[in-house]
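All values derive from a computational prediction rather than experimental measurement.
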Amino acid sequence: MMRTSVNRYVVTRPLYTEDAFIKEHEKVHRQHKTMLDHIKQYLTCDGKRVRNALLSLLPIIAWMKIYRLKEWLLGDVVSGVSTGLVAVLQGLAYSLLASLPAWYGLYAAFFPVIIYFFLGTSRHISVGAFPVLSLMIGVVVNRMVPENGPPANITAFEGLTMNEQRAIVAASLTFLIGIFQLAMGLLQVGFIVIYLSDTLISGFTTAAAAHILVSQLKFIFGLHVQGFSGPLSVIYILEGVFGQITSTNLHDLVTSIVVMVVVLTVKELNERFKSKLPVPIPIEVIMTVIACGVSYAFSFKEYYGVDVVGRIPDQFEAPMAPDLQVFRETSVDAFPMAIVGFAVAFAVAKVYSIKHDYVIDGNQELIAFGASNIFGGAFRSLAASTALSRSSVQESTGGKTQVAGVLSAMIVLVVILALGFLLEPLPKSVLGAVVIVNLKGMLMQVCHVPSLWKKDRPDCVVWIVTCVASILLGLDLGLAVGLGAELIAVVFRTQCPRCCVLANIAGTDIYRDRKDYTSIYEPEGVKIFRIPSPIFFANIDFLRGKLIDALVLALSLQVMGSLSAEDSEDESSIEDLDLPTDFSDLPVQVNWRAELPANISVPPVDIHSLVLDFSAVSFIDITALNGLKMALKEFIRVDVEVYIVACDPYVFEKLKSCEFFDDEIKTSIFFLTLHDAMLHILQINPPLSVSEKVSKLQHCKGFSVTTTLYDETRF
């Protein structure tokens with residue numbers, strides 16, 4: 001029975017063990033599906049499943065049905081034109097990161113977009129080249145076709161120029177990335193992205209931004225620096241740049257500085273006045289047009305030695321089959337690229353799906369990007385993902401669906417087929433400046449490290465390790481090191497959880513860490529130990545040690561206090577359970593009821609009951625189960641009654657099925673709640689004297705609770 005009033009409630013019910021509760025409240029019998037049932041269901045085909053499969057594989061069918069022509073078309077058109085102009089410029093710029101001629105970046109803004117239009121579930125991301133992915137491709141390209149030195153032994157390279165060889169490597173690698181992504185999508189393993197935490201991705205992309213920044217210095221200074229790959233490549237590139245710093249082309253340097261200052265300034269104005277501007281000022285496009293005009297008018301290439309984009313073909317190159325030898329050489333590189341490209345795109349897509357209230361499907365996104373990269377690779381495109389700045393333009397200028405994406409691809413198509421010659425005099429230093437300006441968001445993630453250190457130090461360590469390793473060892477090895485650091489952090493959190501001893505908050509049925517509150521009630525001889533994590537093979541010994549520490553600590557501290565009066569300073573703020581305690585001189589089995597020696601004046605600590613709070617234990621494995629069973633028997637054999645409370649039904653059933661219970665450990669030690677167990681203990685071990693504290697925990701088979709409703713702040 002429960003009676004409520006404003007901010008208070010009164011509950012009167014019987015005291016429950018798990019056995020008593022199950023006996024009184026019949027459970028619903030549910031038929032759980034076997035593996036065979038799941039296989040049969042997966043292989044069953046009917047009209048409804050075919051329809052759902054088509055809608056899943058072709059999301060365009062679903063959103064085209066709800067397309068609001070009058071409300072959305074104008075926004076999609078404006079967004080498509082704006083995004084297309086930005087995509088042209090970024091495509092040219094990001095191809096430099098991949099060590100390819102500029103027009104291959106334009107292909108990445110066209111071919112993958114068309115496929116994603118039909119297969120993608122996000123309505124707002126702009127598909128195309130992504131700087132981090134382009135840089136990772138560039139590392140492989142430079143390794144297989146170095147500027148100074150012989151290329152890899154690939155049959156298809158015979159008789160080709162360096163740029164043609166590099167195009168084969170990049171296209172085959174893109175095709176292979178698509179195969180990996182498509183395979184993962186078809187196998188329904190889109191969940192794999194959850195193993196890349198936001199912290200890891202932040203540290204990785206910051207390191208990638210540092211790599212990109214360093215790689216663009218040669219264009220900013222107008223130098224000819226050899227490309228490097230592998231560990232310490234950043235150091236080697238910086239050495240090459242500063243070794244030639246006296247040969248800086250001042251026209252490139254001044255042009256780059258002017259472009260960066262103007263673009264950064266206008267971008268800040270766009271951000272500050274975005275509520276008043278109908279569309280952001282396309283300053284990158286404007287500066288590109290101006291730079292092209294100035295370069296052409298003053299013949300920068302001929303008279304001042306400025307490196308320019310050069311010829312852009314006015315037609316698409318013929319499609320090609322991927323090279324299997326390149327596949328063999330790059331398969332190890334392609335898999336992390338497939339993961340990184342998808343993880344970034346999915347993270348951006350998730351942000352916009354939440355903002356605009358629609359659902360995206362991770363597995364379908366893998367299929368969409370896989371098919372896009374396979375199709376793009378066949379036409380010599382760079383690997384596609386998304387760039388946050390370009391997606392921001394598509395969404396902020398009014399884009400509602402991927403119609404804007406298709407229109408942006410049409411803008412790119414017009415540039416490739418008709419207007420490419422206008423971009424031929426564009427200095428590469430301008431593209432380098434545009435790339436560096438767009439790194440601002442990724443580089444500024446460094447500013448979050450101090451606050452991350454204050455909030456979560458293990459996460460901060462993962463960020464720092466991932467970032468430093470990716471900078472020094474390269475992006476591929478750095479990502480592997482980051483994943484290792486993340487795994488170690490997870491193991492550390494679960495293997496060494498923060499255990500604590502609980503006490504009753506006076507006047508309530510609430511139990512909290514006894515170190516955190518003053519008005520607490522701790523019945524003599526009772527210890528409540530909270531286990532805040534799953535119990536498994538890696539942490540069972542740690543938890544067992546902390547449990548022994550918690551029980552012995554009270555006795556040992558009192559004994560030491562009597563022997564050393566001068567050491568009686570208040571150290572209540574120290575986390576006792578987090579400090580190592582040396583009990584090497586104590587027996588394995590401690591008789592808690594034994595009298596203390598005659599020369600010790602403190603009373604004995606009479607521990608008769610131990611309560612284990614299992615409310616946070618979500619699973620227990622066989623090794624931990626055996627270890628827990630041995631620990632409980634040790635306590636039972638020295639006359640310490642053990643109780644387990646708030647155990648998850650799944651864990652309770654597993655204990656039964658694994659023969660955890662026997663003549664010594666019975667199911668009757670399991671109680672529904674911590675308060676039920678405490679009332680039971682006080683019933684069989686009543687206090688020696690009546691006091692106000694005891695009156696708050698009534699010694700009866702049932703109980704009545706009158707308490708105040710609390711949220712955490714008010715409590």
Side-chain angles (χ1 to χ4, degrees), residues 63-64 66-93 106 109-110 113 116-117 120 122-130 258-293 345 348-358 386-415 418-419 422-423 426 430-431 433-435 437-441 444:
W63 63 259
M64 272 303 218
I66 62 171
Y67 192 85
R68 303 172 188 172
L69 192 63
K70 294 181 180 180
E71 298 177 32
W72 292 357
L73 184 59
L74 179 60
D76 279 339
V77 171
V78 173
S79 174
V81 174
S82 303
T83 307
L85 296 174
V86 175
V88 169
L89 185 57
Q90 291 188 351
L92 295 171
L106 296 179
F110 177 73
V113 176
Y116 189 86
F117 173 74
S122 174
R123 304 176 194 171
H124 292 90
I125 65 170
S126 175
V127 176
F130 174 52
V258 170
V259 170
M260 284 191 285
V261 170
V262 173
V263 172
L264 277 173
T265 302
V266 176
K267 277 181 171 286
E268 288 297 321
L269 293 175
N270 280 340
E271 182 64 25
R272 181 170 297 183
F273 300 105
K274 61 182 179 181
S275 60
K276 299 180 180 179
L277 293 172
V279 294
I281 300 172
I283 186 60
E284 294 160 308
V285 177
I286 294 172
M287 293 304 294
T288 301
V289 172
I290 294 174
C292 283
V348 176
K350 188 161 61 173
V351 169
Y352 289 121
S353 69
I354 293 172
K355 180 178 179 180
H356 295 279
D357 193 25
Y358 62 90
T386 189
L388 183 58
S389 58
R390 196 170 60 244
S391 296
S392 177
V393 170
Q394 181 164 319
E395 189 266 346
S396 63
T397 52
K400 302 296 183 184
T401 65
Q402 283 300 329
V403 170
V406 169
L407 291 175
S408 73
M410 295 302 105
I411 298 295
V412 175
L413 179 64
V414 170
V415 171
L419 302 178
L422 297 175
L423 296 171
L426 178 64
V430 173
L431 295 177
V434 170
V435 170
V437 167
N438 281 293
L439 295 177
K440 178 188 173 185
M444 291 301 290

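- Residues passing the side-chain contact (heavy atoms from CB on, under 4.5 Å) test with L419, sequence neighbours excluded: V414, L422.
- Here the side chains of N438 and E284 are in contact, with some heavy-atom distance below 4.5 Å.
- In this structure, the side chain of Y116 does not engage the main chain of Q402 through any donor-acceptor pair within 3.5 Å.
- Under the rule for a salt bridge (charged side-chain N to carboxylate O under 4.0 Å, His left out), K276 has no partner lying at least two apart in sequence or in another chain.
- The shortest heavy-atom contact between A387 and A129 is CB-O, 4.1 Å.
- The salt bridge (charged side-chain N to carboxylate O under 4.0 Å, His left out) test applied to R272 returns no partner, not counting sequence neighbours.
- Listed by chain and residue number, nothing satisfies the salt bridge (charged side-chain N to carboxylate O under 4.0 Å, His left out) test with K400 (two or more places apart in sequence, or in another chain).
- Side-chain contact between I281 and L269 is absent, with no heavy-atom pair separated by less than 4.5 Å.
- Listed by chain and residue number, W63, Y67, W72, D76, V403 satisfy the side-chain contact (heavy atoms from CB on, under 4.5 Å) test with T401 (two or more places apart in sequence, or in another chain).
- Not a single ring-ring contact (aromatic ring centres under 6.0 Å, His included) links Y352 to another residue, sequence neighbours left out.
- Contact annotation: the side chain of V412 never approaches that of V113 to less than 4.5 Å [non-hydrogen atoms, C-beta and beyond].
- Minimum heavy-atom separation, T386 to A345: CG2-CA, 3.6 Å.
- When each of E395, R390, Q90 is tested with S126 by the rule side-chain hydrogen bond (donor to acceptor under 3.5 Å, both in side chains), just one qualifies, namely R390.
- Residues L426 and L431 form a side-chain contact, since some pair of their non-hydrogen atoms from C-beta on lies under 4.5 Å apart.
- The two residues Q394 and R123 have their closest heavy-atom pair at NE2-O, 4.1 Å.
- A donor atom on one side chain and an acceptor atom on the other are not found under 3.5 Å apart for T397 and S82.
- Across G398 and S79, no two heavy atoms sit closer than the pair C-CB, 4.2 Å.
- In this structure, OG1 in T288 is found 9.0 Å from CD1 in I283, a value given to the nearest 0.5 Å.
- Here the OG atom belonging to S396 is positioned 9.5 Å from the CD atom belonging to E271, to the nearest 0.5 angstrom.
- Among all heavy-atom pairs drawn from I411 and G80, the shortest one is CG1-O, 4.2 Å.
- In terms of heavy atoms, A433 sits closest to V259 at CB-CG1, 3.9 Å.
- The NZ atom of K440 sits 14.0 Å away from atom CE of M260, with the distance rounded to the nearest 0.5 Å.
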